[in-house]
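What follows is one structure encoded as structure tokens, with my remarks underneath.
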Amino acid sequence: MTGKLVVVSNRIPTGATPSGGLVVAVHDALTRSGGLWVGAHPDEGTPDQDGLTEIASGDYTRLAFHLTPEEYDSYYLGFANSVLWPLCHGRVDLVDIERGFEETYLAVNARVARLLADQIGEGDIVWVHDYHFLPLASELRKLGITARIGFFLHIPFPPLGALSTLPSPDDFAEWLSAYDLVGLQTRRDTASCLEMFRADPRAEFMTDGSVKFRDRSVSVRSFPIGIDAESFAEAAAVEGPDAELGIDMHEDLVIGVDRLDYSKGLPNRFRAFGKFLDSRAGTGRRASLLQIAPPTRERVAAYRAIRTELEEIAGRLNGEHAELDWTPIRYIHRGVERDTLARLHRRARACLVTSLADGMNLVAKEYVAAQDPEDPGVLILSRFAGAAEDMTEALLVNPYDIDETSEAIETAITMPLEERRRRHAHSLGVVHATNVTDWAQSFVSCLKTCTPTLDYRRAQ
Ligand code: ADP
């Protein structure tokens, strides 16, 4: 197969040299094969513009489609982030279904499909990323596109029962069956996806493990995503004064780095840290939590609510525990430069990842990559993060259990060196085995070779 690679993702990089693990991996894959990267224009809610705008080109081309302000509200903030995101993260209570959300979601996907169809040639392969584009392949098939199309879901696959929350619950299986390959983060997600097909009378399981759905077949597999561990470790090891990072090295530092999202379990994390502070009261031993959590999607009510809740808990805990020269919880609402973040990770004795649901969680992998293997810190990792499936030697916790999480902080901070080294070596092995470049290559090569689909035109 000699065609080009066409990648579709909500965000596309705008600079000449993209940064960020996933973005770099996709950039490298496109640079190798040549091709196209299509995504939403970074100026959200730009006035109505038809067609694709070229953003940058070199070894491959980047093209952007435009969303009107109404589309941005209904498609991006609405169906994608107020229906699909909470649904996939097990928060059906936060699903906000409004008339018009699904219609706009389908209309945007149909329009992107029309724009893409003109760009897809014989032998090309198409790689679609994430929940913004679930119906894209089915729209492309309607236009007669027979190219191999793969889909990777970066977030958890929804539990079967939760799919009934969708306005048209049967659509999920229908949308996914238009792909040749569906990639998921974990074996558990793969099992959930197969369970959905198993429960669907339209699906049939083939002897090679693929799923036949009407006249197509789709392969479902897990491809755990990772990071560029070497470059993160290099950035972490850069020497510099601790004062530059604002760290008092006489304190034990515990770090948390997350988008301010309700799926990250931040209130539980703060409460667990509060319990841990209670348990240390009067011992004279100080530990601080540095929480870096820039707000996102603030036009969605659930995101405003989590911000208010967290500020209230942090304020109360600091009020109870702070001393004149010490604030136990430092809570920063901004993004931090990647290199600074890497250095902070290396200095932290423990990292708290307490997601209530998470596709993978790259922060867990970044923390492990940033450690000094001779004197590593300890990762406290939620059982509900995809990363926990393989990082079994992290201190795994149930983030709903505040006592357990609080005890894990104490265990992490007081863990003997030998145990820290042993646990870290195991986690680092996992981080290296799931390098993001290999991840992109293995998805693309699987897409090229996975079980052949039936000829779509013949099947019509
Ligand atoms: P999600 O994709 O749900 O945000 P992940 O943990 O998988 O969660 O990925 C988050 C990425 O964003 C990581 O690479 C992390 O380093 C980065 N990140 C998160 N918060 C910040 C921040 N405050 N400043 C800089 N980078 C951040």
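Both ligands and their constituent atoms are indexed starting at 1 by order of listing.
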- Message: To check your reading of the model: name the closest protein heavy atom to atom 5 (P) of ligand 1, its residue, and the distance in Å.
- Response: Leu362 N, 3.5 Å

- Message: Which residue and atom name correspond to the protein heavy atom nearest atom 26 (N) of ligand 1, and how close is it?
- Response: Leu341 CD2, 3.6 Å

- Protein non-hydrogen atom found under 4.0 Å from atom 15 (C) of ligand 1: yes

- Donor-acceptor side-chain pairing of Tyr60 and His27 below 3.5 angstrom: yes

- Query: Can you list the atoms of ligand 1 that are under 4.0 Å from a heavy atom of Asn361?
  - Reply: 6 (O), 7 (O)

- Message: Would Trp85 count as a polar contact of ligand 1, with the cut-off being nitrogen or oxygen pairs under 3.5 Å?
- Response: no

- Run the contact test for Glu366 against ligand 1 with a 4.0 Å cut-off on heavy atoms, strictly below, and give the result. yes

- Part of Arg334 within contact of ligand 1 (heavy atoms, under 4.0 Å): backbone

- Is it true that Asp390 and Arg187 make a salt bridge, defined as a side-chain N closer than 4.0 Å to a carboxylate O? yes

- Among non-hydrogen protein atoms, atom 10 (C) of ligand 1 lies closest to Val363 CG2, 4.5 Å

- Verify the distance criterion only: is there a donor paired with an acceptor across the side chains of Ser9 and Trp37 at less than 3.5 Å? yes

- Task: Give the atoms of ligand 1, by number and element, whose distance to some non-hydrogen atom of Gly335 is under 4.0 Å.
- Result: 22 (C), 23 (N), 24 (N)

- Would you call Glu410 and Arg280 a salt bridge, using N to O less than 4.0 angstrom? yes

- Message: Does ligand 1 come near enough to Lys264 that some N or O of the ligand is less than 3.5 Å from an N or O of the residue?
- Response: yes

- Message: Check this for me - ligand 1, Pro294, N or O atoms closer than 3.5 angstrom, yes or no?
- Response: no

- Item | For atom 4 (O) of ligand 1, closest protein heavy-atom neighbour | Arg259 NE, 2.7 Å

- Item | Test item: side-chain donor near acceptor, Asn81 and Tyr131, under 3.5 Å | yes

- Answer yes if a protein heavy atom lies under 4.0 Å from atom 2 (O) of ligand 1, otherwise answer no. no

- Could an N or O of ligand 1 be found under 3.5 Å from any N or O of Val257, whether backbone or side chain? no

- Are Arg338 and Ser231 close enough that a side-chain donor and a side-chain acceptor fall under 3.5 Å? yes

- Output yes when Arg299 and Asp73 qualify as a salt bridge under the 4.0 Å nitrogen-oxygen rule, no when they do not. yes

- Message: Counting neighbours of CD on Glu103 that are heavy atoms of other residues, nucleotides or ligands and sit closer than 6.0 Å, is the number greater than 12?
- Response: no

- For atom 24 (N) of ligand 1, which protein heavy atom lies nearest, and how many Å away is it? Val336 N, 2.8 Å

- Heavy atom of protein closer than 4.0 angstrom to atom 19 (C) of ligand 1: yes

- Compute whether any side-chain donor of one residue and acceptor of the other, for Gln371 and Arg420, lie under 3.5 angstrom apart. no

- Query: Do the charged groups of Arg307 and Glu298 touch, with an N to O distance under 4.0 Å?
  - Reply: yes

